[in-house]
Amino acid sequence: MSSCAPVPTLQPDERADLLSLLAGAARPLADVVSDFLARFPRERRLRVGGALCFLLEDKKMLHPTGRLIAFAILHQSYSPQTANPYIPMLLDGACDETSDKSERAFVQLLLTSSSGNNNNEVLNQSAVDYINGSVSASQVLLPREQLEKQYCSNGVQSQPQISSFRPAAVRSVIPDPDVPQSCANSSESAISLPGSMCADTSRGAAIRDLIARALKGPLAPAQQERFIIELANDPKLVYYCGMTPQKLPDLVEHNPLIAVEVLSKLINSPDISGYFAGLVHMDMSLHSMEVVNRLTTAVDLPTEFVHEYITNCIQSCQNIKDKYMQNRLVRLVCVFLQSLIRNKIINVQDLFIEVQAFCIEFSRIREAAGLFRLLKSLE
């Protein structure tokens, strides 16, 4: 292949699709792979696979769950009867002693499973479930020679088609003015990714550090401002900040404004339902209601989510035994509901009976009486 050949690129919609797939940490891996096969036609998969190889080369480029998804896609991109050009890359990942054991064990499970199809037990889990599970801890890792022998003995293919992915890369002869030269000079990838994918590695690391701090306690105003600016400059960084639905409650309680920024950028992510579930099922608090209230004005929230959240608020008020805490939460919920009604975020008729009963039950509280009068004025 001539060094003067143009560097193939991913289209903007392909980049967006790829990022959304890599963010599917809570989805079964088999579903993510199926989506990949549906979204990318066969003639484009080699280019996309090259992009994944590029991302996997730098261990800081992807979240651990994203790395597992990338390996699964590379392994499943080709049928058992077809030579898979990414086998050398997978073998490297399976035997790289600088990688986490759980990741190496995952790739070895892919390579040693029979026939390499979507029925593999490991692919029925999500990336999050695999990382949180105990399979990798008990798995005995095989040396590369034995792994190659076992892989070939499964009848998948007798010899990898490409001995190394790196020699298949094409160097760029004319520098891209939009890509910093430190990025262009260090990358031998066959895929030309957007400047932000490489140039913003340090920015991505900064975002991840800020999120890690935000999960443990309130950020300083300057830190909040930096996070918001970085995310505004490159919204895709939200996929590399290390956020998961399981971490959302901590972020909401410590930094509700940051939670709003993150969720508003993830609104089109396939994992957004997991984040909504996290909001609905976390303990009701001023901060969680603040987050939902701000989101209602920032993005279009699913009606069923808003209704479920309101129902959970009401039930939380009813279940609290401590009278002082109950009165406090009722006041918060009433103010929250009045805001939603006045801003026409909800159609009160859909929840009229439930909200009216709530107002009557807590009529001794001034805010509940005020909410009841508002309901009556809308009848």
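Values below: every heavy atom of this structure, side chains too, minus hydrogens, waters and symmetry copies.
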Shortest non-hydrogen contact between Leu56 and Arg67, atoms and distance: O-NH1, 3.0 Å

Heavy-atom side-chain contact between Leu21 and Arg39 under 4.5 Å: yes

Under 3.5 Å: donor-acceptor pair, side chain of Gln223, backbone of Ala220: yes

For Tyr239, side chain to side chain donor-acceptor pair (under 3.5 Å) partners two or more places apart: none

Could you tabulate the donor-acceptor pairs under 3.5 Å formed by side-chain atoms of residues 257-267, not counting sequence neighbours?
| from | atom 1 | to | atom 2 | distance (Å) |
| --- | --- | --- | --- | --- |
| Ser264 | OG | Val260 | O | 3.0 |
| Ser264 | OG | Glu261 | O | 2.9 |

Residue pair Phe106, Tyr130: steps toward the ring pair (Phe, Tyr, Trp, His ring centres under 6.0 Å) verdict: CA-CA 8 Å; Phe106 176 81; Tyr130 174 82; 5.1 Å; yes

Interatomic distance, Asn347 atom CG to Ile345 atom CD1 [nearest 0.5 angstrom]: 12.0 Å

Side-chain donor or acceptor of Asn343 paired with backbone N/O of Ser339 under 3.5 Å: yes

Distance (rounded to the nearest 0.5 Å) between Cys317 SG and Arg331 CZ: 11.5 Å

No-hydrogen, no-angle side-chain donor-acceptor test under 3.5 Å, Thr65 and His63: yes

Arg104 versus Ala94, closest heavy-atom pair with distance: CB-O, 3.6 Å

Inter-residue atom distance Leu91.CG - Met89.CE, 0.5 Å rounding: 11.0 Å

Leu301 CG to Ile346 CD1 distance, which is reported to the nearest 0.5 Å: 12.0 Å

Rounded distance [0.5 Å steps], CG in Asn255 versus CZ in Phe227: 9.0 Å

Leu378, CG atom: more than 12 neighbouring heavy atoms under 6.0 Å: yes

Residue list, salt bridge (Lys or Arg N to Asp or Glu O under 4.0 Å) with Arg373, at least two apart or on another chain: none

Met289 backbone acceptor or donor facing Tyr309 side chain under 3.5 Å: yes

Intermediate values then yes/no, side chain to side chain donor-acceptor pair (under 3.5 Å), Arg364 and Asn327: CA-CA 10 Å; Arg364 69 181 185 279; Asn327 292 349; 3.1 Å; yes

Spatial distance of atom CD (Glu308) from atom CG (Asn312) [nearest 0.5 Å]: 7.5 Å

